[in-house]
Structure formats: structure tokens, C-alpha cells
Amino acid sequence: MSIKYKLGNYRSKLRNAGCIEVSINRRRSGEDDGAGPSLKRAKRGEINYVPDHPDTHTDDLLEEERLALVEELKKRNKNVALIKQQMEVTFSLRRKEIVELVPMVSEVQERWPALFYEAEIREEFLRLTNKDLIDNFGAAINQHTPRLLKLYRARRTAFPPEMDQLLNRLDEETSDITAHRQTAALKGLPLYLRNSHEKLFRNCLATDPEEEQTKGLIVGILTVLEDDDSSAPATVINVAVVVEEDIVLQDLPDLPTAFAYLFGLIYALNLQYPKELRYTFETIQKVFMGLGTDLCKSPIPQNQTSSVNPPS
């Protein structure tokens, strides 16, 4: 209790000194600082949730940096090093806007278009968690794929028919087995955890209207298939990341890479895990990426106790 009071006093001093990250977490009844009720503490392993501005920088100066960044992105020959530097400098302003104002993703795209570049998603995730998004996710999927597939096969009859279809398609593959195994491991995860598979993964034809391709997809991965009447397996022509029914990233090489960038965008945009996919993303967060240590934080429904425990 003594340590608790000491830390409380220390946080009060930081808040009075103007520390943004401490002020943002203040939740007292009857207090309204204009920030809104949706603010939350960093609970997903973020090291820099809402950092203070760099020394000698103010909101106005950082806004000028943001405008210069937008102008740089309009150029045909972009200065990649300059973009990275300006994104680093404006990190505190960007996080303050995203966490305090909770803008729509379309608004973030308009103000911070560089945030939706693959390289900058990796950099933003590194700033937030001090972990490399692609390297850590790639190592984790390599490590966990064999055991996940073993778990799926051991109880395949206990899952929805989609799991059996997924494993049957995997058995029929004869080329690029590693990539297909990783894809099957990720696609099977929401089925294994009794989450909504169709809320995360969607296939469509290239001839389908664009609004129908992403309709109802809050956060997910869209696989666009070639419209071919032949009996052969359809050819994948695009793998895209969808957020709030808009394609924000496309032409990705495969589904595991798209999944990694989707997870990075959830952190970069401070998005809540959808209720229908809560266990899936918490498994990725805690088991795959090692962010947060409390593996039993989310309550498990009584009728799912035997089947939703994340694999260790």
C-alpha cells in the first residue's frame, strides 16, 4: 500500500507538471477535461502511448512539420529519409490527435497519409512497442504454425465445417507448402477460438462491386480472386487490409504479411479489438508478439472453456 500511495503521488506530480500520458489516463467521477469518455490507458504493451512533445516543439510547430510532410508526399520523387524523420518528430502530435480526438480512419488518412505506408506502419509500431512488427510476427508464425495445425487436426470435428474445409484444402496443396501452412494456421485461429471467422477474412471476385467487397468489414483482410469459370483453384490477384470498410493497404504478397500490417494498424490507429474477434487479436498480441503478460486477462465464456484457451 505504501508503494501504491508513493506511485499515486508521483503520478499526481507528473500530471501537474503537464505530462500528457499521465493526464490522458485520469478517470475521476465528475471530472470533465473535455477529452471525452473513450480515453483509455495503454493496456496492450505500448511503451510510448501518448508521449510528450520533443523539447522546444509546440503544437503549432509540429503542425507546420505535418504540413511539410503532406507536401513531401505529393512529390513524384519522395525523400524517404525526410519522411521518416518528419514522422518521428510529429509522433507525439499524431498520438495526441488519435487518442484524444478518436478520429475516423478516413480523417487520419487525410491528415497523416504516410502512416498508411508499409514502412511507416513498421516504424510506428516500433515507436509504440519497441518491437519490429514484421520480424517478430514472422518469427512467431514460424514457431506456432506446427502446433496450431496439430491442435486443429486433433479436434477438427468439434469445430464448424469451415475448419474441415480449411484443412482439406491445405492437404491438397503441393507447392509453397510453408506459405499455405501459415495461411491455414491464421485462418483457423478465429475458428479455434470460437470467434467470427467471416468478420476477419473475406474472399471476393475482382468483378464484384467495390462497395460490396468491403461492406460490413470493420477490420479484416480481403482476398480478391480472379473471376475464372474453370474448375482450377482461383488465382489470387490482390490481398488487401480493410479498416472501417475502406481498403487502406493493398497488393500485399500474402495473407500472413497482410495480417501483420493489420495488427500494426490497430496499434497505430489505437483501435479497439472488435468484440467478435477479441480472443483472436489477444492471442496474436500476447502469444505471438509477447505484448502484455496477463494471458488470462479476458474472461472466458463458460461454454467455451475447453476450446478457447490460446496455445502457449
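Along the sequence shown, residues are numbered consecutively beginning with 1. Quick note: numbers below take in every heavy atom, side chains included, and nothing from hydrogens, waters or symmetry partners.
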Whether the side chain of [X] engages the backbone of [Y] through a donor-acceptor N/O pair (distance < 3.5 Å, no angle test) should be reported.
X    : Y    : result
E46  : R44  : yes
K74  : E71  : no
N270 : I98  : no
E65  : Q86  : no
N48  : L128 : no
R94  : W112 : no
E72  : N79  : yes
N238 : D251 : yes
Q213 : D208 : yes
N142 : A139 : no

Can you tell me if [atom1] on [X] sees more than 12 non-hydrogen neighbours from other groups inside 6.0 Å?
X    : atom1 : value
E210 : CD    : no
K131 : NZ    : yes
I3   : CD1   : no
E63  : CD    : yes

ask   = What heavy-atom pair brings F201 and P190 nearest, and what distance separates the two atoms?
value =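 What the structure gives for the nearest pair is CE1-CG, 3.9 Å.
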message = So which atom in P51 and which in S92 form the shortest heavy-atom distance, rounded to 0.1 Å?
response =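 In terms of heavy atoms, the two residues are closest at O-CB, 3.5 Å.
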Matching residue for L262 among L200, V242, T257 - test: side chain to side chain contact (heavy atoms under 4.5 Å, CB included) =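 Among L200, V242, T257, the one meeting side chain to side chain contact (heavy atoms under 4.5 Å, CB included) with L262 is L200.
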query = Linking I/L/V/M/F/W/Y whenever any side-chain heavy atoms sit under 4.5 Å apart, do V89 and I121 land together?
reply =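 Same cluster.
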inquiry  = For R156 and N168, which I'm curious about, is there any donor-acceptor pair between the side chains at under 3.5 Å?
reply    =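 Looking only at side-chain atoms, N168 and R156 do form a donor-acceptor pair, the distance falling under 3.5 Å.
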Value rounded to 0.5 Å, distance of CG in D176 from CZ in R181 =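 Atom-to-atom, D176:CG and R181:CZ are 12.0 Å apart.
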task = Start with the C-alpha gap between F125 and D132, add the side-chain angles, then the distance that decides, and say whether side-chain contact (heavy atoms from CB on, under 4.5 Å) holds.
result = CA-CA 7 Å; F125 191 81; D132 187 284; over 6 Å; no
task = Look at the rings of Y152 and Y192 and say which category their plane angle falls in: under 30° parallel, 30 to 60° tilted, over 60° perpendicular.
result =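 Tilted.
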query = Between F137 and F259, what is the ring plane arrangement, given parallel below 30°, perpendicular above 60°, and tilted in between?
reply =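 Because their plane-to-plane angle is under 30°, the rings of F137 and F259 count as parallel.
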Any N136 side-chain heavy atom under 4.5 Å of F288 side chain =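 No, side chains not in contact.
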